[in-house]
Amino acid sequence: MDMMMDDERPAVIKHYEPTYIMQPAEDKKFHPSAVRKACEKVVKKTLTGKVWTGEEETVWTVSISEDIKAAVKELNIPRYKIVVQVTIG
């Protein structure tokens, strides 16, 4: 009986690198200056020519917050949750 078996091979051990990312890539970082410009543009567009009456301000805040959120999403900043808080006073 022949003790040599051609089918047996040593087990292959696969090594996988971690897939988590500790920090964003340089071109994917959050840039507050770009977000600030987008916010200022939306606020100026929305509030230009408006007069404080005490009645419509709640509508303005909702409109401004939605517009700011949309403008920041257009910047395509990945891996960040966008939270917008608007206070007029």
Check for me, please, whether Leu47 and Val84 land in the same ILVMFWY cluster - side-chain distances under 4.5 Å, paths through other members count. yes
Working to the nearest 0.5 Å, report the span between CD1 of Ile68 and CD of Gln85. 11.0 Å
Return the OG to NZ distance between Ser63 and Lys45, rounded to the nearest 0.5 Å. 7.0 Å
Exercise: identify the closest heavy-atom pair between [X] and [Y]:
X     : Y     : result
Val42 : Ala71 : CG2-CB, 4.2 Å
Glu57 : Ile88 : O-CD1, 4.1 Å
Val51 : Trp60 : O-CH2, 3.4 Å

Taking Val43 as the fixed residue, which of Val86, Ile64, Asp67 is the one that meets the side chain to side chain contact (heavy atoms under 4.5 Å, CB included) rule? Ile64
Please lay out, stage by stage, how Thr61 and Thr87 fare under the test side-chain contact (heavy atoms from CB on, under 4.5 Å). CA-CA 7 Å; Thr61 57; Thr87 304; over 6 Å; no
Determine whether Ile77 and Lys29 satisfy the following criterion, side-chain contact (heavy atoms from CB on, under 4.5 Å), listing intermediate values before the conclusion. CA-CA 7 Å; Ile77 304 170; Lys29 285 189 176 179; over 6 Å; no
